[in-house]
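The structure appears right after this line, and notes come after that.
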There are 2 protein chains.
Amino acid sequence: MARPTMEDVARVANVSRALVSLVMRGSPKVSAQRRTAVLEAAEKLGYSPHVMARALASRTSTVLGVMLSDLHNPFFAEVAEGLDAAARAEGFELIINSGGRSPARERRALNSLLSFRPAGLALLGPVVPSSAIESAAEESPIVLVSRSSRLSTVDTVNDDGEAGSRMAVDHLVSLGHRRIAHLDGGGGSQSALRRRGYQIAMREHGLEPEVIRSEYTDAAGAKAIKEMLAARNTVPAPTAIVAANDYNAVGAISALEEAGLRVPQDVSVIGYDNTSLASMRHVSLTTIDQPRTEMGRLAAEALLQRVREDRTEPVRKLLHPKLVTRSTTCSPLS
Amino acid sequence: MARPTMEDVARVANVSRALVSLVMRGSPKVSAQRRTAVLEAAEKLGYSPHVMARALASRTSTVLGVMLSDLHNPFFAEVAEGLDAAARAEGFELIINSGGRSPARERRALNSLLSFRPAGLALLGPVVPSSAIESAAEESPIVLVSRSSRLSTVDTVNDDGEAGSRMAVDHLVSLGHRRIAHLDGGGGSQSALRRRGYQIAMREHGLEPEVIRSEYTDAAGAKAIKEMLAARNTVPAPTAIVAANDYNAVGAISALEEAGLRVPQDVSVIGYDNTSLASMRHVSLTTIDQPRTEMGRLAAEALLQRVREDRTEPVRKLLHPKLVTRSTTCSPLS
DNA sequence: TCTATTGGTTGGAGCGCTCTAATGCTGTAG
DNA sequence: CTACAGCATTAGAGCGCTCCAACCAATAGA
């Protein structure tokens, strides 16, 4: 288990440790002859540099910390993949961590990442209070994904949730729907924006918004629909639903079908995120797509700019969502 | 961004750096008075120890590397959570990494993790050739989850895929099914075992096994079913399907429904893994549950035993799956 | 011929920490 | 009053690396 060190390589290659270091970092000021000698020795010994020692000595880290608020949510997984690709291309390593949707666990995860003294930190959909983000920002550059912030020390990458919701409404209106309800995302990070977009679009079309409180889960979506249907006598049921996100939409669809309503013939449903879930044949959900990989790439870019000190003012990236039409929306019957 | 060091804390607390080190590591041989002085100074400065420096100096790492073969698969996410909880309880940090289901990317991910000189490595469903695992095992203790190995240097944690498949068959037979087909997982890690369990169980019940080649994805499941139905004239269609995993099952269900067959009335379908997907109301899939969190915990335990050198012989954990009955299985109609 | 210059190479200090051995300081026994 | 524990504390070396300044040819310019 004892791995060879630079010293070992130097001895075998008959050069100094400093020269090995230069070769390992790909310095141009090494003769071809020595370079191959070093590389051969390294190869022979199975040497690879010790990242931690390197970080310590160089006082610069090549580690980017990533905290996913939820390891289960495929949305974050895909943002992480975009981040990973971009970071790797620039020679950075990713260390990932999960906060389990709980502020307390997130805070611990955050500290754990910080203890690695990363070059930067990407927080995907964090739910910690912004004071925690602020204090973390004193120790490392930070980029937030799917969460906005007024802090001048952090960058943000978000999709335009307001525009996304408007697209959803526009789509339904163009199909002929008039009674369109919105299941909102409760305290979830982007829910206020999505709700606002929905409300604005409805009013623009001269329609009355109807917001139903919900959460970013399928159980909450089902519950909200059930309660809505129970009140059907007093309030006429909508012919279309703009759900908080894909998970919520799937729950809503289940509840609608259990109540004997067909989707989309009786009620159209539109989700948000375009997670892998939505594209599954069995689900085939019309939804609003966020450019997840691109968001990851932009997050990496923002971080790397700060690391290189190309920039100190905060950057606010706002990406454009787009409508993906599948099988859960159609014109209302009547 | 310059964080305080132990030296800074020592200066403020009017003690030596070594004493601060002792306090930070919770040593009992420090007077209460000095301890509080140090802790106060640390608090005041916002000090927290530098994990990398610590690892370097102590020649022991508190980092466990985790490679998920696929960040999107909720199965691995949950194993990772189990690992995380167990590791954290013992004072270890997790660094996670993804291999994106490609051997080449996995190999890189593996090297990246190794370059942190972790205390141990957990590989969840890896697809790299076992030679890569063998050489990694020379540098760090390794535990494999959802992959078996004959290497005496690595531990493994698996569910009993053979038993799981048998449960699936037994369940269907007890409902009265006789024509039960299996969609297999192709080259996926546990697919051979699941296939074998299916075949053995079928023969035990005096039934003829019918294996249809597929993959661990919903698209593959749908494709396999379509091809099967196209051949219906020659081969009578089965009344029940044992799918390779949940994703595969969901694809299969879509294809069946598109062909006008009802699930479960016309065809029962049973998945494998009991991922969050299966429990979604809209899906409500009968499936075989693997104790994912427990698997993560056992993986962490295996690693930590090796780290502490409590053990050098390999350990092979085999967990018992169990049947979860939901809405996609019932007795055949006739 | 004697400096400059350049390009390759190296020793040594030091990153923030741990760990061993040594130190000072009680308090108790001889 | 000396001796010796026993405990709390500390100096100093060293983990594997980077980086700076110094060094040493070998070549070029005067």
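Within every chain, numbering begins at 1; the chains are lettered A, B, ... in the order of the sequence lines, protein sequences first and strands thereafter. Note: hydrogens, waters and symmetry copies are ignored here, and every other heavy atom, side chains too, is used.
Defined by atom type and a distance below 3.5 Å, a donor-acceptor pair is present between the side-chain atoms of A:Arg316 and A:Thr156. In the model, B:Ser48 has a side-chain atom that pairs as donor or acceptor with a side-chain atom of B:Arg3 under 3.5 Å. A:Ser31 and A:Arg35 share no side-chain donor-acceptor pair at under 3.5 Å.
A salt bridge does not link B:Glu40 with B:Lys44: none of the charged nitrogens is closer than 4.0 Å to a carboxylate oxygen.
The separation between B:Lys29 atom NZ and D:dT10 atom P is 14 Å, rounded to whole Å. Summarising the geometry, the separation between CD on A:Gln33 and C1' on C:dT9 is reported as 12 Å, rounded to the nearest angstrom. Regarding A:Leu56, its CG atom lies at a distance of 13 Å from the C1' atom of D:dC19, rounded to whole Å.
With values rounded to the nearest 0.5 angstrom, A:Phe75 atom CZ is found 9.5 Å from A:Thr275 atom OG1.
Within the 4.0 Å cut-off from OP1 or OP2 of C:dT9, at least one side-chain nitrogen or oxygen of A:Ser31 is found.
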> What string of B, S and - do you get for nucleotides 17-27 of chain C, 5' to 3', when a contact is any protein heavy atom under 4.0 Å?
Replying inline: BBB--------
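B:Glu7 pairs by the side chain to side chain contact (heavy atoms under 4.5 Å, CB included) definition with B:Thr5, B:Arg11, B:Arg17, not counting sequence neighbours.
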